[in-house]
Undergrad: 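Sharing a structure with you now.
All figures in this text were calculated on a predicted structure; none of them were measured in a lab. First listed ligand is number 1; within each ligand, the first listed atom is number 1.
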Amino acid sequence: MDWASQINIKTPAEIALMREAGRVNAAVLAAVRELLQPGVTTADLDAAAEAVLRSYGAVSPFKGYGHPPFPNSITVSINEELVHGIPNPKRKLRAGDIVSVDCGTLLNGFVADSAFTAGVGEISPLARKLLQVTEGALYAGIDKMRVGNRTGDVSAAIQQYVESHGFHVVREYTGHGVGRQMHEGPQVPNYGVAGRGFPLRPGMTIALEPMVQVGTPATRVLADQWTVISADRSLTAHFEHSVAVTEGEPLILTVL
Ligand code: MG
Ligand code: MG
């Protein structure tokens, strides 16, 4: 994609519509989070997400996306699986797992995109630290989403936060503009140099999504052509919010 030409500044009315999609997306993720228990399958999580989406007259832009077409409404990625895991009726959650759930909501012509990672039952101290650092990196990035900054300031804040805690940011998958399309410009990597990149302007809407791994920044894709894992199979985590740049504070769109 030509990221620069795909930056679409939204009007306040359009941001209000995105906020509605974001509320629905948050409701979907809250419903899925409630179900995280041993024995629940990742297909159960997808079914619950679909039910909430349907109740709002919304659909997920994930379904049918890409090649081969993604078959479900959410992605569910466990432990060394970083992103894009395919829900499966045979895959049961186990105590100690950390589960990343990513959902998109298409409502009124606009997309919201958000993800979280959470533990099933008791998780290890390392897993707990990984979740705290990855979520902390998301908020460090959001705090840079201000007029006067550039996308590189956001990227650098995420990278520095993660690396200062001894973990690694993934290079192959990045944050992105979001709006009428799930992926618009600008691209916002989870690594970068402060002061570089695109200037942030009011009305820009960006999905920030730190993807963090314990052992290595390297990833690989499994034979299903979707599931991305850490190359060394170390633990991974992923948090994401869709955020609007305003004249003032950053506006998180994907909360209730
Ligand atoms: Mg996402
Ligand atoms: Mg995204």
Side-chain angles (χ1 to χ4, degrees), residues 1 3 6-8 10 18-19 21-33 42 45-46 49-50 52-53 58-66 69-78 81-87 98-107 110-118 131 134-135 137-139 141-142 145 151 154-155 158 169-192 198 204-212 219 221 226-228 236-245 250 252-255:
M1 174 185 325
W3 295 99
Q6 297 294 328
I7 296 174
N8 300 308
K10 280 75 176 182
M18 291 188 68
R19 181 75 183 92
R23 273 187 222 281
V24 171
N25 210 69
V28 172
L29 291 181
V32 171
R33 190 188 276 261
T42 57
L45 303 181
D46 182 63
E50 282 227 11
V52 177
L53 286 166
V59 295
S60 170
F62 293 7
K63 204 166 195 173
Y65 185 86
F70 192 81
N72 296 91
S73 293
I74 60 173
T75 70
V76 185
S77 311
I78 301 174
E81 298 168 358
L82 173 71
V83 289
H84 304 168
I86 302 173
I98 55 171
V99 184
S100 300
V101 178
D102 195 342
C103 185
T105 293
L106 174 59
L107 182 71
F110 285 92
V111 173
D113 186 9
S114 179
F116 72 91
T117 306
L131 302 194
T134 309
E135 188 168 25
L138 172 58
Y139 287 96
I142 290 171
M145 294 267 294
T151 54
V154 178
S155 298
I158 291 170
V169 290
V170 162
R171 280 15 182 213
E172 291 92 345
Y173 308 91
T174 72
H176 51 89
V178 61
R180 289 190 185 276
Q181 306 297 322
M182 181 161 61
H183 295 126
E184 300 184 349
Q187 186 179 40
V188 184
N190 294 311
Y191 63 96
F198 297 100
M204 284 174 105
T205 48
I206 296 174
L208 291 186
E209 48 182 318
M211 297 172 209
V212 177
T219 63
V221 180
W226 275 106
T227 310
V228 179
T236 69
H238 177 213
F239 282 83
E240 177 177 31
H241 272 309
S242 299
V243 182
V245 179
I252 302 177
L253 300 166
T254 41
V255 287

Undergrad: Could you tell me how the ring of W226 sits relative to the ring of Y65: parallel (under 30°), tilted (30 to 60°) or perpendicular (over 60°)?
TA: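 Answer is tilted, since the angle falls between 30° and 60°.
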Undergrad: At the Mg ion (ligand 1), what is the angle formed between atom OD2 of D102 and atom OE1 of E240, rounded to the nearest 10°?
TA: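 Centred on the Mg ion (ligand 1), the OD2/OE1 angle is 100° (to 10°).
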Undergrad: Report yes if some heavy atom in the side chain of R19 is under 4.5 Å from a heavy atom in the side chain of L253; otherwise report no.
TA: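 Yes, their side chains come closer than 4.5 Å.
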Undergrad: Tell me whether S114 contacts the main-chain N or O of E240 through its side chain, where contact means a donor paired with an acceptor under 3.5 Å.
TA: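 Yes, S114 side chain to E240 backbone: donor-acceptor pair under 3.5 Å.
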Undergrad: For E209, what is the atom name of its N, O or S atom nearest to the Mg ion (ligand 2)?
TA: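 In E209, the N, O or S atom with the shortest distance to the Mg ion (ligand 2) is OE2.
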Undergrad: Just wondering, is there an N, O or S atom on H183 that's nearer than 2.8 Å to the Mg ion (ligand 2)?
TA: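 False for H183.
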Undergrad: State, to 0.1 Å, how close V243 and P250 come at their nearest heavy-atom pair, and which atoms those are.
TA: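 Answer, listing the atom of V243 first, then P250: CG1-CB, 3.9 Å.
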Undergrad: So, of the N/O/S atoms that D113 has, which is the nearest one to the Mg ion (ligand 1)?
TA: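 Answer by atom name: OD1.
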